[in-house]
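Ligands are counted one by one from 1 in listed order, and the atoms in each one are counted from 1 as well.
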Amino acid sequence: MTHTLNKLDSTDMDADSPPAPQKKTRTHESCHRFSKLLLISFIIFLLLLKMLLSVALITLSKKYSQLLDEKEIIKELNYTEMFCIMSWASEYKVWSCCPKDWKPFSSHCYFTSNDSASWSESEEKCSSMGAHLMVIHSEEEEDFITKILIPKAAYYIGLSDAGHRQWRWVDQTPYNESATFWHPGEPNYGHEQCITVNHRYSWGWNDVLCYSKLRSACQMNKIYL
Ligand SMILES: *[C@@H]1O[C@H](CO)[C@@H](O)[C@H](O)[C@H]1NC(C)=O
Ligand SMILES: *[C@@H]1O[C@H](CO)[C@@H](O)[C@H](O)[C@H]1NC(C)=O
Ligand SMILES: *[C@@H]1O[C@H](CO)[C@@H](O)[C@H](O)[C@H]1NC(C)=O
């Protein structure tokens, strides 16, 4: 009995003892495999992270350069506020803008000053705003501007006499005799070399002395964004 028991025990021991180390190596192997897998997935994770970061960096730097561009545009234009209208130019959406307090008409923006200055000071003021004294080449433009002027005042426009009644527009565009809006009897005096728009019985042009302190109308091209 005891012998058989012993034998059984020993066989049991024999049978039991070898699998024990085997189990150990198996867990060792699976542990190895697991850590390898962990390492690979960690590497993949790192690679993905790197890709994501570089994509994020690229978009960020693009955004930043866009911001810089916008800042530069704003810096160049100098205006704190603009009024923009969205319109369609052929297939493209465009924003056409005028600075705040300027009035849009056709492809231009117009500003009328309330303070008075000589013709050349007025032109300088327009120029400091990136504009020039207003140029009128059509009845539409004449009608538009006279609708926003105050009838009591006279406003300088960008027309002057270069001498001997040679009319010059500030933007160098040619003077067109058939697109002028002189008051009856004007221009009259040769020494009155600067031109205003004013209201008598109706609106029209008048020649005045260039040092006269008067209001003025500035014009600039619309800003397209
Ligand atoms: C000029 O005066 C008118 C009213 O007299 C006013 O509506 C307008 O805003 C003024 N323009 C500027 C630029 O101050
Ligand atoms: C913009 O502002 C600067 C400084 O205030 C001035 O020197 C420059 O002439 C302005 N430019 C325009 C187009 O108004
Ligand atoms: C001059 O003005 C008239 C009237 O608006 C216009 O029909 C004509 O084409 C203009 N001429 C030039 C050279 O712009």
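In this model, a donor atom of one side chain and an acceptor atom of the other lie less than 3.5 Å apart for Glu142 and Trp205.
Counted within 6.0 Å of CD on Glu139, heavy atoms from surrounding residues, nucleotides or ligands total 12 or fewer; the atom is thus considered open.
Between the OG atom in Ser118 and the CD atom in Glu123 there is a gap of 11.0 Å [rounded to 0.5 Å].
Taking the six-membered ring where the residue is Trp, His137 and Trp169 present perpendicular rings, their angle passing 60° and hence far from 30°.
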Identify all N/O pairs between ligand 3 and the protein with a separation under 3.5 Å and present them as a table of atom names and distances.
| residue | atom | partner | partner atom | Å |
| --- | --- | --- | --- | --- |
| ligand 3 | 2 (O) | Asn176 | ND2 | 2.3 |
| ligand 3 | 11 (N) | Asn176 | ND2 | 2.8 |
| ligand 3 | 14 (O) | Asn176 | ND2 | 3.4 |

Quiz item: Between Ile145 and Tyr155, does a side-chain contact (heavy atoms from CB on, under 4.5 Å) hold up when you go through it step by step?
Solution: CA-CA 10 Å; Ile145 198 66; Tyr155 296 80; over 6 Å; no
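Listed by chain and number, the residues in a side chain to side chain contact (heavy atoms under 4.5 Å, CB included) with His191 are Tyr189, Leu209 (sequence neighbours excluded).
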